[in-house]
Number of protein chains: 2
Amino acid sequence: MANIKDIARVAGVSVATVSRALSTPSLVRPATIERIEAAIADLNYEPNHLAAGLRRQRSDNVIVAVPSIFNPFTSAFVEGIENVARANKMRVLLGITEGDIDTLNKYVSMIAGKQADGMILLEKTLPDIVRNPPTKSKMPPLVAACEYPPDITLPRVRTDDHEASALVVGHLAELGHTRIAAITGPLDQFMSKDRLSGYKLGLLRARIEVDEAIIATGDFSLQSGYDAMLRLLDADPQFTAVTCANDEMALGALSALQQRGISVPDEMSVTGFDDLRFGAFSSPPLTTVHIPTVEIGEAAMRLMLDSLLQPDQVSASREVILPHRLIVRQSTAAPKKRRKA
Amino acid sequence: MANIKDIARVAGVSVATVSRALSTPSLVRPATIERIEAAIADLNYEPNHLAAGLRRQRSDNVIVAVPSIFNPFTSAFVEGIENVARANKMRVLLGITEGDIDTLNKYVSMIAGKQADGMILLEKTLPDIVRNPPTKSKMPPLVAACEYPPDITLPRVRTDDHEASALVVGHLAELGHTRIAAITGPLDQFMSKDRLSGYKLGLLRARIEVDEAIIATGDFSLQSGYDAMLRLLDADPQFTAVTCANDEMALGALSALQQRGISVPDEMSVTGFDDLRFGAFSSPPLTTVHIPTVEIGEAAMRLMLDSLLQPDQVSASREVILPHRLIVRQSTAAPKKRRKA
DNA sequence: TTGTAGGCGTTATCAT
DNA sequence: ATGATAACGCCTACAA
């Protein structure tokens, strides 16, 4: 492979000029640039990014740490990050952790190892370095999305899940429901807790008492929504609506209801959360809260770019909150028929 | 940040020994290794991957080029690649192309620029370099998945979509259907053509004549499946089954049928393709063909590792074909009722 | 506007 | 088993 020296020789200039022609063309005479570009085309030259990175001490990569990408919420998030990264000449390194904290910590150390310049997190656990900042070396640029407790001091982007959940419950209450069940996410995740507390807030506002007997816990998967729905149905014959902490579980719940022959929304109203496109084509189409997932990724990447530009502004930990909105489809309606036991 | 020189000094050895302790410990005396490891822990040393890469002429990254990751099929594929990459100390660089050939070609040139060692493709178009191999420099390691025509000479992994489609049609024919519609993918994609020809093969085997009037084209999206279903319904009152070229479109079709009040499977049988987990929880659950998407990614990454190990074996372009299998759920049944006009 | 040269942090070759 | 040292290819003062 040709290198910058070859180009310099062929173009009859010094390597410095070639380097400048590539990175700061304004400093080079147009005629010279032309000769250099000719040489580049001629020799099929491609700058060695490793060498440049070594010299400039950065890789132009950003790690995205997620438990798994095999899930529409996460992949939309990653897509958003990639969009902005690409537009800014950065690359996305995929860091799948499977929820393992050691793996996550290893990804963090890749930053010190210059494999990446920073990391965007969509994880339920924080890497150790956040709680134990390094004394000698400096803190790597980190951006958090969605999942984290309020006391950490990272730049972060999220939606107001608390209010969003309350909003859904409000919608059901307005329709006339007075007994509203919930299927939550795993309660070791901050996001799940937030959505659960929002559910309770919604009930409070509607002057409905919380009944723990009709709160079931899932793990955000279709199957867990299905299972949780069956558990609720068996536990209580009275409730007429159920709010699920994400669309996947809501779709699972829909499937369970269909199997039990309980009609939605006549006998049971069901709501989701996230607004996956699958929810728009379920039977019936799912009432849900739109979460701007792609935009969350984009905002996170922008925060990352900010951190990268101002390495010392660590304390300027900004928080971006993106708007949600209620999407009413056909899975919710006023309670009509009594459910048959 | 501490570097290898610092470690050498603190441990009282040369840089060469430190390097060896890290990469080939068997060549270093255990006692020495211990001193080195102590120094590493002490100084919080992390090897600079950029420097190592420059020296060794590789980045340990592999690019995955996909039109979009925001889709369960693709994300499963990427997850499979990441699994194997991680196990082999390689990283996945996400290359989203949005179907743009220039973007794709740029990703290819990143290999020459040492940002990555090779590329795995899940695209409907091939990068230029495949048709015009470079004369001076050597061909970058490329692995293709699923989408490509048979005449190219890349290592590749795929399923037998042709037979799989025929299998689905066979299933419907066995149930007694004689008028079977199809919703295909975009016909500029090889994968779509393959699935379409498999559909025709299935009809042939069942001695059913092909009727182009009940073949509609979609773009693999939910919405397009929904739209295509409505078009078919309006065009022909007779058919009793429809096979869709992927699960997303089948789910869209299900939604259209539900809206028209046509019951599945009593009045209409519907089949999908891919076996997304959403299909298992639709109403009714979707009969489909299981495609081992994650495994396809894993196999592709293994082919990549092979190519990387034997840079000259370009001609040894292996092809891996992974098995599919029919998943019969409740969206297919013997034709019963007549559809109402 | 252009050139010279030092150095980024490693690995690998060749000695010892 | 260990050490000295020359690359790897680029960027960026500094000099001209």
Side-chain angles (χ1 to χ4, degrees), chain A residues 1-37 39-40 43-61 89 109-117 137 311, chain B residues 1-37 39-40 43-61 89 109-117 137-138:
Chain A
M1 266 298 291
N3 59 24
I4 204 174
K5 237 172 175 169
D6 299 323
I7 304 302
R9 188 169 23 76
V10 172
V13 295
S14 75
V15 292
T17 305
V18 177
S19 178
R20 276 188 289 254
L22 258 25
S23 54
T24 347
S26 61
L27 297 182
V28 181
R29 186 151 38 105
T32 313
I33 292 191
E34 248 173 65
R35 293 213 315 284
I36 291 174
E37 280 180 343
I40 288 178
L43 302 192
N44 227 280
Y45 168 71
E46 194 70 38
N48 185 318
H49 199 258
L50 252 22
L54 172 60
R55 176 60 231 241
R56 310 165 51 169
Q57 293 292 44
R58 58 194 172 79
S59 62
D60 298 323
N61 291 155
K89 298 182 178 305
S109 68
M110 283 171 52
I111 302 172
K114 297 284 185 270
Q115 294 222 66
D117 303 335
S137 44
Chain B
M1 265 295 293
N3 60 24
I4 204 173
K5 239 171 172 166
D6 299 324
I7 304 303
R9 187 170 24 76
V10 171
V13 294
S14 75
V15 292
T17 304
V18 176
S19 178
R20 274 188 292 254
L22 257 25
S23 54
T24 348
S26 60
L27 297 180
V28 181
R29 187 153 35 109
T32 314
I33 293 190
E34 248 173 65
R35 292 213 317 283
I36 291 174
E37 281 179 344
I40 288 178
L43 302 191
N44 227 280
Y45 167 72
E46 194 70 37
N48 185 317
H49 198 259
L50 252 21
L54 171 60
R55 176 61 232 234
R56 311 168 48 174
Q57 294 292 48
R58 57 194 172 77
S59 61
D60 299 322
N61 291 156
K89 298 183 175 306
S109 68
M110 284 171 53
I111 302 172
K114 297 286 185 274
Q115 295 222 66
D117 304 335
S137 44
K138 64 165 181 260

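Keep in mind the model is a prediction, meaning the values are calculated, not measured. All chains are named by letter (A, B, ...) in the order of the sequence lines, taking the proteins before the strands, and each is independently numbered beginning at 1.
With rounding to whole Å, A:His49 atom NE2 is found 12 Å from D:dC10 atom P. Between the CD1 atom of B:Ile36 and the C1' atom of D:dG3 there is a distance of 12 Å, rounded to whole Å.
Looking only at side-chain heavy atoms (C-beta outward), B:Leu22 and B:Ile40 come within less than 4.5 Å of each other. Put simply, the side chain of A:Tyr45 does not reach to within 4.5 Å of the side chain of A:Val10, judged on heavy atoms.
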- Under a 4.0 Å heavy-atom criterion, the protein footprint on nucleotides 1-11 of chain C, written with B, S and -, is SBBB-BBBBBB
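Applying the side-chain hydrogen bond (donor to acceptor under 3.5 Å, both in side chains) criterion to B:Asn3, with sequence neighbours excluded, gives no partner residue.
Annotation for B:Glu34: atom CD does not count as buried by contact number, only 12 or fewer foreign heavy atoms lying within 6.0 Å.
The main-chain N or O of B:Ser19 is found under 3.5 Å from a side-chain atom of B:Ser23 such that the two form a donor-acceptor pair.
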